[in-house]
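Beneath this line is the structure, given in structure tokens, with notes to follow.
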Amino acid sequence: MNKTACPLDCYDACQIDYSDGTIKPSKDHRTQGFLCAHLNHYEKETFLQTPSYMGKEIRQEEALNKLITILKSTDPSAILHYRGSGNFALMQGVTDHFFASFGATLTKGTLCDGAGEAGIINGRGSNKNMSMDEIFKSEVVIFWGRNPHISSSHLLPSLKDKKVIVIDPIKTQIAKSADLHIQIKPHADLYLAMLLTRFAHINDICDEAFLEEFASEFEEYYELTQGIRIKATLADIDVTLGEIGQLLALVEDKKVAIVCGVGIQKYQDGADVMRAIDAFGVALGLFNKEGCGVAYLGNSQDGIFSPFYTESKKVSKVNTDFSAFETLFIQGANPLSQMPDTQRVQHSLSGVKNIIYFGLHENETSKAAHLVIPAKNFLYKDDIRTSYSHNALHLMPKQKETNIGISEYDLTALLCQTFGIELQSEAHYLAHFQSFATKTQENMYEILREAIPYKDGFDTDDGEFVFLEEFEKVNLGGEELHLITPKGQKSLNSQFQRETAVYLHSALGYKEGSLVDISSPNGTITLKVSYNNDLREDCVLIYSGTPGVNVLTSSQHSLEGLCAIYQENRITVKEH
Ligand SMILES: Nc1nc2c(c(=O)[nH]1)N[C@H]1C(S)=C(S)[C@@H](COP(=O)(O)OP(=O)(O)OC[C@H]3O[C@@H](n4cnc5c(=O)[nH]c(N)nc54)[C@H](O)[C@@H]3O)O[C@H]1N2
Ligand SMILES: Nc1nc2c(c(=O)[nH]1)N[C@H]1C(S)=C(S)[C@@H](COP(=O)(O)OP(=O)(O)OC[C@H]3O[C@@H](n4cnc5c(=O)[nH]c(N)nc54)[C@H](O)[C@@H]3O)O[C@H]1N2
Ligand code: SF4
Ligand SMILES: [Mo]
């Protein structure tokens with residue numbers, strides 16, 4: 001039996017026992033003897049088998065020669081390396097080393113969590129996450145824009161002895177069994193967080209000693225929250241005073257984990273939303289006690305220095321102008337589905353002379369590529385991974401051999417050798433990553449991070465939390481509907497089994513199974529209606545990975561954090 005780990009972009013970063021040629025869950029305290037469907041069915045998935053050029057299958061050697069010819073014939077300043085996050089292991093980054101050294105352009109910004117991260121850094125001075133191990137120890141968990149049955153199933157077993165609160169516009173599976181579900185209007189969380197803070201103060205449940213020591217500007221922030229008109233705002237955000245009272249009663253004097261997901265921050269002001277939630281955590285004094293804190297999608301590389309050279313010109317991942325480049329090397333990403341504003345992406349890609357796709361699956365982007373190079377999956381290459389919700393570092397040794405595909409390291413080694421760029425051995429890089437952690441069991445390490453971050457104060461200049469001083473008013477009114485575009489059960493973004501429907505509340509009056517046109521300022525798509533009465537009537541649910549969904553989304557950035565804002569556009573629905 002060999003220990004390895006799931007490579008996917010997922011909070012849980014499960015440990016795997018690979019034995020008798022099958023993927024089995026490890027019994028370690030985080031994986032707890034179960035994996036999700038993605039990994040249970042992983043080896044039955046269809047992977048790309050053969051490289052191709054201009055739609056014609058070619059041999060691997062020819063594909064690699066073709067890649068070299070293309071790179072030789074392009075000025076490095078006209079090459080863009082666009083890397084996604086479909087595989088979360090660290091050796092994915094080795095290709096950055098080649099492209100940056102070669103003089104190509106890399107990307108910055110994120111399609112995922114950047115707005116929330118910016119909000120955390122504004123308040124705390126750094127982004128250190130409350131780990132899953134600390135969440136296990138809490139008495140009350142607030143899932144705030146996080147859907148644990150879909151994206152963090154390994155938190156579920158620990159919930160049976162805890163009180164659970166859910167703040168989500170959808171009555172998710174966890175909301176159905178929660179002690180309190182606040183089915184808030186989308187994009188209203190900043191107001192709710194500020195009102196909770198205000199009433200925590202009024203009800204005298206703030207941690208005064210903590211505030212005095214680590215958040216002495218709290219009084220000023222309290223004044224800011226007083227600027228919110230209570231009755232009108234509660235009506236706008238569709239929350240009652242009763243719900244606020246219930247929430248505060250549940251958290252009073254308890255070990256509380258506020259577990260946020262990316263759902264709260266897919267908006268222009270996503271950073272401020274996260275910061276207002278953090279401020280509520282500060283008011284309750286959640287930052288220096290065991291089993292307490294505010295968890296988010298953490299920085300998986302916190303405490304680890306990259307060994308790869310990545311100094312280069314960088315362009316945003318969100319609104320990349322592909323047409324400014326002659327050669328585009330896309331790795332581990334499906335921008336034609338997952339980037340916002342698909343029509344813009346299509347248009348911007350249409351003039352690119354050489355599009356190279358290096359990935360595991362056939363998808364919209366591989367189909368648009370001139371040269372397709374299959375990658376090896378994690379069972380066939382050496383790698384190592386961290387997590388964005390806990391502190392484990394898993395070794396992922398190769399489990400078996402195949403002639404299909406090429407690993408990121410082997411591809412980079414070939415390119416570095418061809419173009420005279422220095423590269424260390426694969427073993428050197430793997431050892432480099434391990435050096436930031438201590439071994440706890442076979443193939444598993446713990447990264448050197450504090451168990452309770454900010455125990456002795458925040459990472460700001462004076463060790464104190466920096467509160468919001470002002471905020472943008474959010475327009476929550478109007479006839480148009482809210483787009484909710486979260487993660488689906490059976491897909492991992494655009495990998496695996498993708499959804500195809502639009503989900504609507506039956507009260508909206510569209511016939512189940514009929515086609516509707518869904519429009520935003522960016523475009524229109526036609527999808528088949530499925531009913532979901534767990535939705536609010538003002539929401540339209542289209543899961544991430546649904547073909548066409550990003551025709552509706554805007555490629556503008558969050559005001560802070562260079563992040564995509566998939567839920568900023570309001571939409572309309574009409575019979576087709
Ligand atoms: N099965 C599966 N697992 C995945 C993924 C996948 O595609 N499939 N993707 C992975 C990736 S890349 C990521 S980043 C993580 C993200 O996983 P999560 O952090 O859980 O994020 P989402 O699924 O986008 O949204 C979570 C919840 O936020 C709610 N929400 C939406 N808008 C709002 C709002 O305005 N306010 C509030 N309070 N809630 C709102 C949604 O209804 C949803 O229930 O999941 C990872 N895990
Ligand atoms: N509407 C909407 N859009 C969204 C989101 C949303 O919630 N709603 N979520 C956003 C978020 S949070 C994210 S993180 C992005 C994700 O967007 P992407 O990073 O584009 O992720 P995937 O769709 O999972 O595509 C992953 C690609 O990686 C390839 N791959 C997998 N493993 C490997 C490997 O080992 N090596 C190589 N070379 N390739 C590999 C797969 O074949 C696939 O082509 O999508 C964003 N887009
Ligand atoms: S829960 Fe996440 S980490 Fe665990 S097997 Fe599934 S995708 Fe992989
Ligand atoms: Mo993500």
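We count ligands from 1, going down the list as the structure has it; atoms in each ligand are counted the same way.
Below 3.5 Å of separation, one finds no N or O of Y388 facing any N or O of ligand 1. Remark: ligand 1 and I167 share an N or O pair separated by less than 3.5 Å (distance only, no angle test). Looking at A188 next to ligand 1, no N or O pair under 3.5 Å apart turns up.
Taking 4.0 Å as the cut-off between side-chain N and carboxylate O, D17 and K27 do not count as a salt-bridged pair. A salt bridge links R536 to D238: one of the charged nitrogens lies within less than 4.0 Å of a carboxylate oxygen. Salt bridge status for K381 with D410: absent, with no side-chain N to carboxylate O gap under 4.0 Å.
A donor atom on one side chain and an acceptor atom on the other are found under 3.5 Å apart for S544 and Q338. Counted by atom type alone, N569 and N522 present one or more donor-acceptor pairs between their side chains at under 3.5 Å. A donor-acceptor contact under 3.5 angstrom links the side chains of H81 and T95, judged on distance only. If you check the side chains of N334 and E364, you find a donor sitting under 3.5 Å from an acceptor.
Within the structure, the ring-ring contact (aromatic ring centres under 6.0 Å, His included) test picks out the following pairs touching residues 372-404 (sequence neighbours left out): Y11-Y388, Y42-F378, F88-Y388.
Using a 4.0 Å cut-off to heavy atoms of I150, the atoms of ligand 1 that qualify are 1 (N), 2 (C), 3 (N). Against a heavy-atom cut-off of under 4.0 Å, I170 is close to the following atoms of ligand 1: 42 (O). Which parts of ligand 1 touch Q489 is read off a 4.0 Å heavy-atom cut-off, strictly below it: atoms 1 (N). Contact atoms of ligand 1 toward W144: 38 (N) (distance under 4.0 Å to a heavy atom of the residue).
Contacts between R146 and ligand 1, counted as non-hydrogen atom pairs separated by less than 4.0 Å, involve both the backbone and the side chain. Proximity of T172 to ligand 1, defined as any heavy-atom pair under 4.0 Å, is confined to the side chain (atoms from C-beta onward).
The two residues P340 and A564 have their closest heavy-atom pair at CG-CB, 4.1 Å. Residues I484 and I170 come closest through the heavy atom pair CG2-CD1, 3.8 Å.
Any protein N/O/S atom under 2.8 Å from atom 8 (Fe) of ligand 3 was counted, giving 1 altogether.
Here the protein heavy atom with the shortest distance to atom 1 (S) of ligand 3 is H154 CE1, 3.6 Å.
The immediate protein surroundings of ligand 2, defined as residues with any heavy atom under 4.0 Å of it, consist of D9, G84, S85, G86, N87, Q92, L111, C112, K266, Q331, G332, A333, N334, Q338, Y357, F358, G359, L360, H361, N363, A375, K376, K381, E408, T485, K487, L492, N493, S494, Q495, S544, V549, N550, Y566.
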Review point. Ring pair (Phe, Tyr, Trp, His ring centres under 6.0 Å) between F47 and H361: does it pass, once the steps are laid out?
Key: CA-CA 5 Å; F47 294 102; H361 306 96; 5.3 Å; yes
Exercise for review: Kindly determine whether F308 and Y429 satisfy ring pair (Phe, Tyr, Trp, His ring centres under 6.0 Å), including the steps that lead there.
Suggested key: CA-CA 9 Å; F308 305 128; Y429 293 124; 4.8 Å; yes
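Using the six-membered ring where Trp is involved, F99 and F329 have ring planes that are tilted, between 30° and 60° apart.
Residue K490 places every heavy atom at 4.0 Å or more from ligand 1.
Legend: residues meeting ring pair (Phe, Tyr, Trp, His ring centres under 6.0 Å) with F471, ordered by chain and number and at least two apart, are absent.
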